[in-house]
Amino acid sequence: MSHIILPKGWNSPQREITPETVYQNRREFLQLMGFAVGGIAGALLPESAMANTGSFGLFDNEPSRLKTDFPPVPNLKRNLDYPVSRPISSEVAALKYNNFYEFTSEKNKVWENVDAFETRPWQVKVSGLVKNPLLLDVDELIKMMPIEERVYRHRCVETWAMVVPWNGFAFSGLMAKVEPEASAKYVEFTSFYDPAVAQGQDSVVDLPWPYREALTIEEAENELTFLSTGIYGHQQPAQHGAPIRLVTPWKYGFKSIKSIVEIKFTDSRPATFWNTLIPNEYDFTANVDPLVAHPRWSQKREKMIGSGDVYATQKFNGYGEFVSHLYL
Ligand SMILES: Nc1nc2c(c(=O)[nH]1)N[C@H]1C(S)=C(S)[C@@H](COP(=O)(O)O)O[C@H]1N2
Ligand SMILES: [Mo]
């Protein structure tokens with residue numbers, strides 16, 4: 001989540017990791033990444049210290065390696081209940097600027113590191129405190145659910161932002177099918193674990209892989225909460241979390257876990273990846289709020305990928321009318 005480039009090994013495609021570049025433990029990893037280890041927040045950076053989103057997509061000589069031929073989603077209708085006043089971000093910019101720590105910590109290199117990631121066939125399990133647990137192929141799940149398009153803002157805690165047309169289905173629709181028990185209070189989402197393919201999972205010995213995130217049951221049931229199986233009218237590219245990822249647009253982006261293999265309904269709050277690693281920087285709830293600074297930077301403004309346009313950050317990322325009642 002920092003912009004510090006790690007030594008070779010973390011993102012080496014060949015996984016030629018020498019003893020010197022293997023971090024001994026997560027503390028060393030976090031210090032190298034510039035995190036404020038030890039609980040004392042680092043000095044607040046000036047507001048000008050914003051994400052270097054540059055001009056991705058504007059001045060690129062399109063590298064032929066960038067995959068763009070994803071299968072289109074037929075008969076896709078846009079749900080107009082969630083209008084966004086800003087322009088949709090460049091698709092190429094979004095394809096080439098990602099957070100996906102399983103592959104690399106370098107945002108502009110994720111797309112180059114996902115070639116070996118097989119996202120079909122892919123099984124999704126829905127388990128825990130539900131009346132009707134599920135274990136099925138993701139394409140069966142997609143056939144079962146009403147697929148629609150939603151244009152949402154996305155706000156990373158690092159201050160970069162985008163506006164993208166996701167396709168997929170409302171999480172509440174899946175809840176209606178599996179019927180959570182009354183005792184279910186949280187929903188835990190687990191991503192894949194495959195260090196042979198995801199070299200980031202192999203580079204640091206004790207990060208809490210697989211990536212996990214969680215919501216309260218009320219947040220999960222909110223109409224905004226979306227499982228995205230595609231973007232820009234087509235199937236999900238690997239770098240956006242194929243084949244299925246969570247989208248919670250009023251929360252910082254780290255909550256929107258990619259490449260989900262299991263969804264579990266629980267009665268106690270699950271441990272989550274970033275909150276376990278560094279709780280003073282990544283809290284569990286993580287609602288977008290311009291007035292609550294991150295320990296290392298202000299959250300007052302945000303910068304769009306692609307255009308580089310800067311906007312004032314909005315509370316709940318502009319989705320207060322849908323979610324503010326959850327936090328009274
Ligand atoms: N499994 C997994 N999911 C993840 C991440 C990750 O590293 N691994 N990064 C998160 C963060 S910090 C952000 S901002 C978004 C980025 O989504 P995008 O690359 O599709 O824009 O994915 C989130 N989901
Ligand atoms: Mo993020």
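Just follow the structure's listing: the first ligand is 1, and inside any ligand the first atom is 1. Just the heavy atoms: all of them, side chains too, but no hydrogens, waters or symmetry mates, feed the values below.
- The closest approach between a heavy atom of Trp160 and any atom of ligand 1 is below 4.0 Å.
- When each atom of ligand 1 is checked for a heavy atom of Cys156 under 4.0 Å away, the hits are 14 (S).
- Aromatic pair Phe273/Trp209: ring centres closer than 6.0 Å.
- The ligand atoms of ligand 1 that sit less than 4.0 angstrom from a heavy atom of Ser191 are 1 (N).
- Near His240, with a cut-off below 4.0 Å to any heavy atom, the atoms of ligand 1 are 18 (P), 20 (O).
- Checked against the 6.0 Å centroid threshold, Tyr319 and Phe316 do not count as a close aromatic pair.
- Close contacts of ligand 1 with Phe254, meaning ligand atoms under 4.0 Å from a residue heavy atom, involve 10 (C), 11 (C), 12 (S).
- By the ring pair (Phe, Tyr, Trp, His ring centres under 6.0 Å) test, Phe284 is found to be paired with no residue, residues two or more places apart in sequence or in another chain being considered.
- Counting only non-hydrogen atoms, the option in Gln239, His154, Lys258 that gets closest to atom 18 (P) of ligand 1 is Lys258.
- Within ligand 1, counting atoms from 1 as listed, the ones closer than 4.0 Å to a heavy atom of Ile257 are 3 (N), 24 (N).
- Partners of Phe171 according to the ring pair (Phe, Tyr, Trp, His ring centres under 6.0 Å) rule, which considers only residues two or more places apart in sequence or in another chain, are Phe189.
- The ligand atoms of ligand 1 that sit less than 4.0 angstrom from a heavy atom of Gly253 are 10 (C), 11 (C), 13 (C), 14 (S), 15 (C), 22 (O), 23 (C).
- Between Ser256 and ligand 1 there is a heavy-atom distance shorter than 4.0 Å.
- Aromatic pair His294/Tyr282: ring centres closer than 6.0 Å.
- In this structure, Tyr97 has its ring center closer than 6.0 angstrom to the ring center of Trp160.
- Residue-ligand proximity: Met162 is placed with a non-hydrogen atom under 4.0 Å from ligand 1.
- Considering backbone and side-chain atoms together, Trp166 places no N or O closer than 3.5 Å to any N or O of ligand 1.
- Salt bridge present: Glu158 and Lys107 bring a charged side-chain N and a carboxylate O closer than 4.0 Å.
- At least one N/O-N/O distance between Asn98 and ligand 1 falls below 3.5 Å.
- Under a 4.0 angstrom heavy-atom cut-off, Arg245 registers as being in contact with ligand 1.
- Judged purely by distance below 3.5 Å, without hydrogens or angles, the side chains of Arg245 and Ser259 never pair a donor atom with an acceptor atom.
- A donor and an acceptor atom, one from each side chain of Glu218 and Tyr186, are nowhere located under 3.5 Å apart.
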